[in-house]
K.L.:
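My structure is below; once you've seen it, I'll send some questions.
Note that ligands are numbered from 1 as they come in the structure, with each ligand's atoms numbered from 1 the same way.
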Amino acid sequence: MAKPDIEAILDAMTLEEQVSLLAGADFWTTVPIPRLEIPAIKVSDGPNGARGGGSLIGGVKAASFPVGIALGASWNPALVEEIGSALAEEARSKGASVLLAPTVNIQRSAVNGRNFECYSEDPCVTATLAAAYVNGLQKGGVGATVKHFVGNESEIQRTTMSSDIGDRALREIYLPPFEAAVKTAGAYAVMSSYNRLNGTFTSEHKTLLTDLLKDEWGFPGVVMSDWFGSHSTAPTVEAGLDLEMPGPTRDRGDKLVAAVRSGDVQAEKVRDAARRVLTLIERVGGFDAPDIPGEQAIDKPAHRALIRRTGAEAIVLLKNDGILPLDLTGRTIAAIGPNAEAAQIMGGGSAQLNPHYAVSPVDGLRALTSENQLRVATGVTANRLMPLISGPFEVDVYGRSDFSGPVIEHQSHPLGEVMWFNAVAPGVADADFSLRATTRFTPSETADHVFGLVSIGPSRLLVDGRTVVDIRETWAPGDNYFECGNREARGTIALEAGRTVDVVVEYRFVQAIALNLKAIRVGVAVPLSDKAFAEAVELARASDIAIVYAGRSGEWDTEGNDLPGLDLPGRQDDLITAVAAANANTVVVLQTGGPVAMPWLDKVRAVVAAWYPGQEAGNAIADVLTGAAEPGGRLAQTFPRRIEDTPVETGDPRTYPGKNEHVIYREGVFVGYRHYEKAGIEPLFPFGHGLSYTTFDWGSPTVDRPAFDGDGLVTLRIKVTNTGARPGSDVVQLYVEPPVSRVDRPAKELRAFAKLHLEPGETAEATMTLSARAFSYFDVERNAFISEKGRYWVIAASSSAEPRGSIDIDLTREVIEAVRARFSR
Ligand code: BGC
């Protein structure tokens, strides 16, 4: 079809039609206007796959890719671009032409529940990878939605909290990833965050959405709200929020038409927002292919291979005394720990999806070992919630809130967890229903069983008619389901092996809390005993090698909830210590969405951080452990020794997690390594750290313009040789150290990096460029990036703590890059 004439379409539209475009039709699609042949388009989460429509759980199967923190640790923009292209194919297989990704918030805190989704504590890493992701995705014809704009660095009360951030920290730390995604990569959409910024909801923040994003950065795309994150009619439209999501509208429609008619909202604002939505539809090919295709599960070998390769390239070898790579020949292996047989492939929240499959670490090893070689013991558990009951649930919905009257709908749900967006059944008001969900459970042992119940609204759980958990009176929102579900309530009942029982949940709803979500979740287990712990230690003692698969899961690393601290959950530290005492060849594989404390570090021979690497998790981990692949990752977030060492968890609630609905980013630009260096605190593992199976020699850096006047770019080069016997990759990290400055600046800041893959004996040159911005700080008074005249050190390093060479650059004049938008004074 010829390119649609968007101005002509706008002219032909009534005000009502223009307004109708400015909110979703439903959870994932926009409103079509058949009269003018304007199609609907569909969006999908995001970011580590394309989940498709429907619920967060149990949807059509999709490829599960490594999560953001893993991509961050790859330090490889070319690879991230490939992931973006693969995700474009995935999105299309779900009928979606816009992906709600990437997440480019900064890992400000060590315990943010959503750190797993973000790339790094550093804006340079985040910005570079964000632009690569957007490029890959949009080359594939699918629009990116960079999120969450801005200041969503914690999940605690995220829908009401104000992130109070000064202009300097905004400009230097929190905005650059968005700036790169928008200005360098041309992202088609931006999602405002749930939180407020300096007191104003970002969805109503005119300085942010219009003055900065649209005017200063020249963003021609769509700003959409986070789901239910738009709270008003005129203020959001006037501020520059184009699209209210999800639909159907709550604040627009007739209300917005009336606001335009009464003069509260300018018609031109509505037209501009409609123009942006039409432009998005056009850019993703909506006018050419107006029908949204059905969802398909397409499990592609090429995606499998890419996910496996990326998984290994993201794994960080934190410590190795030479035991890795493992030689498995003729040796017995104990695979121990809660994450040995459980495949931890992704984080929780809206980023989760129904994967095509999930390879556990034990599956990965089994493929490489004989039956007698590999034995498994869980030892301890690490779950936050009781393990999900298998389901299915048969649900009777009543049209009254007291479980009386006729059943108005019967539903079957395949899992032990059921979620409903909007109404539980067509036409049923939230205040007027109750439901009874029934499943059957057959215990495999005779023991006390602990049941766990989470629901969004009051409920109780009965086993064969006996009430085991009752939160009908006590129910209160807690740390589940995006702060809408209660903290799991538990109850115990003795059950007999083989005797099937009826498990019933009675549930009703009180009122919509933040998200219009309803849910119930039932878990059950027999708690692991000390015997299980002892058996795991005995197995370690009787084996040649002990690998402990420890860490967390998407129950911990999840949207809607921050982590309680840096300690591994449950008795995992004890288990690792005991296993290491029993077996001198102990290796720890960590799977988390961020740093953890390691009190046992000196006692084990090797540690790798494997994150949540997607559906090929176990294969990628086995590849690295055995040397089939090298550990290509470097930390993109500092691992501190103790929580008190971090920039924000200092015990003052004002800096974390917030007090009186304000969290003050008092550390300013001193986030991550910038903080540790300023405070003189040695972390457990520094930013940028990661060992290799081979060795590299670095030449001295050279610079093409040692006297740089700030115009254009200055190029730095450094030769790297693989001096070992294995192929491997190394990351050259370029930090700029400023001269004495009029402001307090970080000791040094990462401004460029390059990853090189080298065969044994091979030499290659890392080439990196810097612009004047790389030398700058943001001057709040002058509202400008200022690069002071003077001599700067450019340090080539293999981590923030490991310089390998340096060269100085003389900036021959002061460079001023004035900006327009101003947040505060
Ligand atoms: C998340 C977004 C997500 C949206 C749609 C929100 O809860 O913050 O990242 O894209 O839901 O699922």
K.L.:
Which of the atoms in ligand 1, numbered in the order shown and given with their element, are less than 4.0 Å from a heavy-atom of Asp226?
P.N.:
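Per the distance check, 1 (C), 2 (C), 3 (C), 4 (C), 6 (C), 8 (O), 11 (O).
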
K.L.:
Hey, is ligand 1 close enough to Arg51 that some N/O pair sits below 3.5 Å?
P.N.:
no

K.L.:
Using a 4.0 Å cut-off to any heavy atom of Arg158, which atoms of ligand 1 qualify?
P.N.:
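The atoms of ligand 1 under 4.0 Å from a heavy atom of Arg158 are 7 (O), 8 (O).
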
K.L.:
Quick check: His148 and ligand 1, any N/O pair under 3.5 Å apart?
P.N.:
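The answer is yes, given that His148 and ligand 1 share an N or O pair closer than 3.5 Å.
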
K.L.:
For ligand 1, which is the ligand I care about here, please tell me if Arg114 has any N or O atom under 3.5 Å from one of the ligand's N or O atoms.
P.N.:
yes

K.L.:
Which ligand 1 atoms, with their elements, are less than 4.0 angstrom from a heavy-atom of Trp28?
P.N.:
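Listed by number with element: 5 (C), 12 (O).
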
K.L.:
Give, for atom CZ of Phe228 and atom CG of Asp251, the distance between the pair rounded to the nearest 0.5 Å.
P.N.:
11.0 Å

K.L.:
How does Phe27 reach ligand 1, if at all, at less than 4.0 Å between non-hydrogen atoms: by side chain, backbone, both, or neither?
P.N.:
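Looking at Phe27 and ligand 1, no heavy atom falls under 4.0 Å.
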
K.L.:
Met191 heavy atoms, cut-off 4.0 Å: which ligand 1 atoms fall inside?
P.N.:
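The atoms of ligand 1 under 4.0 Å from a heavy atom of Met191 are 10 (O).
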
K.L.:
How about His303 and Glu89: does a side-chain donor come under 3.5 Å of a side-chain acceptor?
P.N.:
yes

K.L.:
Answer yes or no: is there a donor N or O on one side and an acceptor on the other, between the side chain of Thr184 and the main chain of Ala181, under 3.5 Å?
P.N.:
no

K.L.:
Quick one: do the Glu153 and Tyr174 side chains pair a donor with an acceptor below 3.5 Å?
P.N.:
no

K.L.:
Please say whether the positively charged group of Lys518, taken as NZ for Lys or CZ for Arg, lies over the ring of Phe509, i.e. under 6.0 angstrom from the six-membered ring centre and within 45 degrees of the axis.
P.N.:
yes

K.L.:
Atom CZ in Phe27, atom NZ in Lys42: separation rounded to 0.5 Å?
P.N.:
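Here the rounded value is 13.5 Å.
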
K.L.:
Which ligand 1 atoms are under 4.0 Å away from a heavy-atom of Glu559?
P.N.:
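Taking each heavy atom of Glu559 in turn, ligand 1 has 1 (C), 6 (C), 7 (O), 8 (O) under 4.0 Å.
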
K.L.:
Would you say the side-chain atoms of Gln107 pair up with the backbone N or O of Glu121, donor to acceptor, closer than 3.5 Å?
P.N.:
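Yes: the side chain of Gln107 pairs with the backbone of Glu121.
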
K.L.:
Which one of Asp45, Leu100, Asn152 has a non-hydrogen atom at the shortest distance from atom 3 (C) of ligand 1?
P.N.:
Asp45

K.L.:
Suppose I only count heavy atoms of Lys147 and a 4.0 Å limit; which atoms of ligand 1 are within that range?
P.N.:
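The atoms of ligand 1 under 4.0 Å from a heavy atom of Lys147 are 2 (C), 3 (C), 9 (O), 10 (O).
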
K.L.:
Ignoring hydrogens and geometry, is there a side-chain-to-backbone donor-acceptor pair from Tyr194 to Trp227 under 3.5 Å?
P.N.:
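Here the side-chain-to-backbone pair exists.
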
